[in-house]
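Step one of this worksheet: look at the structure below.
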Amino acid sequence: MTAAIDAGIGLLDTELLPDIRAHADALDRDEDTSRRSFAALGAAGLLGLGAPGNADGQLPRMADVIAKISAECMSTGFSLWAHRMAIEYLLTAATPFGTEAAERLLDGTTPGVTGMASAFKDAAGCGSLDLTATPVDGGYRLSGAIRWASNLYDDSLMITAARTEDGEKLIVALPLNTSGVVLGDHFALLAMGSTASSYLKLHEAFVASEQVLSTDFLPFLNTVRPTFLVLQSAMCLGLTTTTLAQSRLGLAGVNAVFTDEVEEVAAGLAAAQEALASAAAAVGGRQPPSKKELLTLRLASAEIASASAALEIRTAGGKGYASRTPASRRYREAAFIPVQSPSEAQLRWELSRCQ
């Protein structure tokens with residue numbers, strides 16, 4: 001198994017990353033979709049490393065894959081993170097439906113959607129579930145609206161949560177071609193338009209009983225959230241590695257005045273990478289990272305990504321302001337991070353409660 005993973009990582013470095021890099025600008029222009037890389041990543045065996053719960057000890061390598069890809073193209077890195085989390089949910093549930101569905105996501109043929117933002121907000125006490133579930137013969141009917149999700153295609157599989165009138169909370173798997181599911185037009189986003197992001201409306205969409213992944217709402221979320229936050233942090237730090245490298249290249253001449261700020265970001269990146277490696281390795285172990293440690297890592301990773309992207313723009317000169325340059329793209333990619341769920345506001349709010 002290790003040899004196969006090593007071969008997959010080798011393929012990533014030699015073939016897949018150059019391809020992702022070459023298409024990053026096309027994705028920025030909305031000329032392709034970020035799912036374009038899923039099948040190749042699946043064929044290389046790189047979509048399920050560490051799933052579920054770092055059971056095979058490979059979560060650090062999954063984090064590295066997401067970081068490397070995000071360093072080249074955040075659209076692809078973000079879509080991969082969302083897809084990988086859908087795999088995490090399915091394999092954590094370990095139901096017959098979940099295990100079978102995970103195979104299609106692992107080979108990259110079916111895109112995975114993590115529609116869990118409201119679930120994590122509900123668990124944190126700063127929101128409520130978007131969807132209602134009405135029990136019917138053989139399953140449930142789901143209704144409501146999800147304001148934002150990504151990887152939204154007719155052939156996608158979404159993992160989301162719903163509540164019944166009796167207060168029961170369910171984690172469910174829902175194919176987006178289910179009758180009663182309406183996908184909104186894809187949002188036009190800064191740098192992230194290729195991620196097939198939009199809203200969904202559900203009206204009595206049927207979910208069979210076997211599509212219910214868990215009714216143990218809080219235990220399920222507590223199980224998957226460490227991986228959720230570790231891989232999000234990897235995405236942020238991957239982008240930072242590129243913006244920091246580009247900032248250093250721009251320190252010539254008068255831009256040398258930014259040297260201290262660049263070195264400060266470099267120190268922050270090194271510290272966050274060390275914390276990420278430690279947290280990823282500890283997930284699922286005897287001493288797993290605490291909620292506070294994970295939230296702190298995620299917030300620090302987001303802050304360092306924003307600071308580094310701003311430095312690249314300041315050292316890039318006119319190309320930083322031109323709308324279709326890699327420097328501009330990375331700045332716009334970084335602008336997404338503070339609003340990605342959990343947003344900076346939610347992270348700060350949750351950390352204040354931890355303290």
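These numbers come from the heavy atoms of this one structure, side chains and all, not from hydrogens, waters or symmetry mates.
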Exercise for the section: Write down the atom of A282, the atom of Q287, and the distance for their closest heavy-atom approach. Expected result: CB-O, 3.7 Å
Handout entry: Exercise: identify the closest heavy-atom pair between D216 and S214
Key = N-OG, 3.0 Å
Exercise for the section: Before giving the answer on side-chain contact (heavy atoms from CB on, under 4.5 Å), spell out for W148 and S197 the whole-Å C-alpha distance, their side-chain angles and the decisive distance to 0.1 Å. Expected result: CA-CA 7 Å; W148 186 304; S197 299; 3.9 Å; yes
Problem - Under 3.5 Å donor-acceptor, T110 side chain and S156 backbone - result: no
Handout entry: Under 3.5 Å donor-acceptor, D32 side chain and R36 backbone
Key = no
Practice task
Say whether L244 and V257 are linked into one hydrophobic cluster, either directly or through other cluster members, by side-chain heavy-atom distances under 4.5 angstrom.
Solution key: yes
Problem - Residues E350 and K292 bridged, charged N to O under 4.0 Å - result: no
Could you tabulate the donor-acceptor pairs under 3.5 Å formed by side-chain atoms of residues 264-277, not counting sequence neighbours?
none

Practice task
Please examine the side chains of L213 and L170, heavy atoms only from C-beta on, and report whether any two atoms are closer than 4.5 Å.
Solution key: no
Problem - Hphob cluster co-occupancy, F187 + V181, side-chain heavy atoms under 4.5 angstrom - result: no
Practice task
Can you measure from CD (E293) to OG1 (T296) and round to the nearest 0.5 angstrom?
Solution key: 8.0 Å
Handout entry: Salt bridge flag under 4.0 Å for residues D122 and R163
Key = no
Handout entry: Student check: side-chain heavy atoms of D107 and L47 closer than 4.5 Å
Key = no
Exercise for the section: Run the numbers on S75 and S34 for side chain to side chain donor-acceptor pair (under 3.5 Å), then give the verdict. Expected result: CA-CA 6 Å; S75 293; S34 52; 5.9 Å; no
Practice task
State, with a plain yes or no, whether a side-chain heavy atom of L174 is found less than 4.5 Å away from one of V113.
Solution key: no
Problem - Y140 side chain near V172 side chain, heavy-atom distance below 4.5 Å - result: no
Problem - L297 side chain near L229 side chain, heavy-atom distance below 4.5 Å - result: no
Problem - Spatial distance of atom OG (S37) from atom CG (L27) [nearest 0.5 Å] - result: 7.5 Å
Problem - Pairwise distance NZ(K68) to CG(L16) - rounded to 0.5 angstrom - result: 11.0 Å
Practice task
Given side-chain contact (heavy atoms from CB on, under 4.5 Å), test R35 with T195 step by step and report yes or no.
Solution key: CA-CA 8 Å; R35 72 179 284 186; T195 59; over 6 Å; no
Handout entry: Aromatic ring pairing H186/Y153, orientation class (parallel under 30°, perpendicular over 60°, tilted between)
Key = perpendicular
Handout entry: side-chain contact (heavy atoms from CB on, under 4.5 Å) evaluation trace for L157 with L176
Key = CA-CA 6 Å; L157 179 69; L176 294 189; over 6 Å; no
Practice task
May I ask you to decide whether E312 forms a salt bridge with R332, counting only side-chain N to carboxylate O separations under 4.0 Å?
Solution key: no
Handout entry: Point-to-point distance, once rounded to the nearest 0.5 Å, from OH of Y199 to CZ of R147
Key = 14.5 Å
Problem - Closest heavy-atom pair and its distance - A327, I313 - result: O-CD1, 3.8 Å
Exercise for the section: Would you indicate whether F336, at its atom CZ, is surrounded by more than 12 heavy atoms from other residues, nucleotides or ligands within a distance under 6.0 Å? Expected result: yes
Problem - Test item: side-chain donor near acceptor, N151 and S79, under 3.5 Å - result: yes
Practice task
Verify, without hydrogens or angle tests, whether E165 (side chain) and T132 (backbone) share a donor-acceptor contact under 3.5 angstrom.
Solution key: no
Handout entry: Contact check, side chains of S343 and Q346, non-hydrogen atoms, under 4.5 Å
Key = yes
Handout entry: CG on L231 to CH2 on W81, rounded to 0.5 Å
Key = 9.0 Å
Exercise for the section: For T242 and A71, indicate whether the former's side chain and the latter's backbone hold a donor-acceptor pair under 3.5 Å. Expected result: yes
Exercise for the section: Answer whether the closest heavy-atom distance between the side chains of L49 and I5 falls below 4.5 Å. Expected result: yes
Handout entry: Carboxylate-amine/guanidinium proximity below 4.0 Å for E72 and R21
Key = yes
Practice task
Verify the cluster assignment for F228 and M158: are they in a single hydrophobic cluster under the rule of side-chain heavy atoms below 4.5 Å apart?
Solution key: no
Handout entry: Under 3.5 Å: donor-acceptor pair, side chain of S70, backbone of G238
Key = no
Exercise for the section: Flag the pair R298 / C236 as yes when at least one side-chain heavy-atom distance between them is below 4.5 Å, and no otherwise. Expected result: yes
Problem - Carboxylate-amine/guanidinium contact D25 R329, below 4.0 Å - result: yes
Problem - The single option from L218, N222, T223, V224 passing side chain to side chain contact (heavy atoms under 4.5 Å, CB included) against F220 - result: V224
Practice task
Look only at the side chain of Q211 and the backbone of A208, and say whether a donor-acceptor pair between them is shorter than 3.5 Å.
Solution key: yes
Handout entry: Expected output: side-chain S328 to main-chain T325 donor-acceptor under 3.5 Å
Key = no
Problem - Residues D56, R61: salt bridge by 4.0 Å N-O rule - result: no
Exercise for the section: Calculate, to the nearest 0.5 Å, the distance between atoms CE and CG belonging to M116 and D130 respectively. Expected result: 11.5 Å
Handout entry: Within one Ile-Leu-Val-Met-Phe-Trp-Tyr cluster: L106 and I66, side-chain cutoff 4.5 Å
Key = yes
Practice task
For the pair H203 and V182, evaluate side-chain contact (heavy atoms from CB on, under 4.5 Å) and give the outcome as yes or no after the intermediate values.
Solution key: CA-CA 8 Å; H203 179 67; V182 177; over 6 Å; no
Problem - Test: R104 and D155 ion pair at under 4.0 Å - result: no
Handout entry: Exercise: identify the closest heavy-atom pair between A279 and V230
Key = CB-CG2, 4.2 Å
Practice task
Of all the heavy-atom pairs spanning A173 and V207, show the shortest one and how long it is.
Solution key: O-CG1, 4.3 Å
Completion exercise
For E88 and G50 the tightest heavy-atom approach is OE1-O, 4.2 Å
Handout entry: Path from I146 to F120 over hydrophobic side-chain contacts below 4.5 Å
Key = no
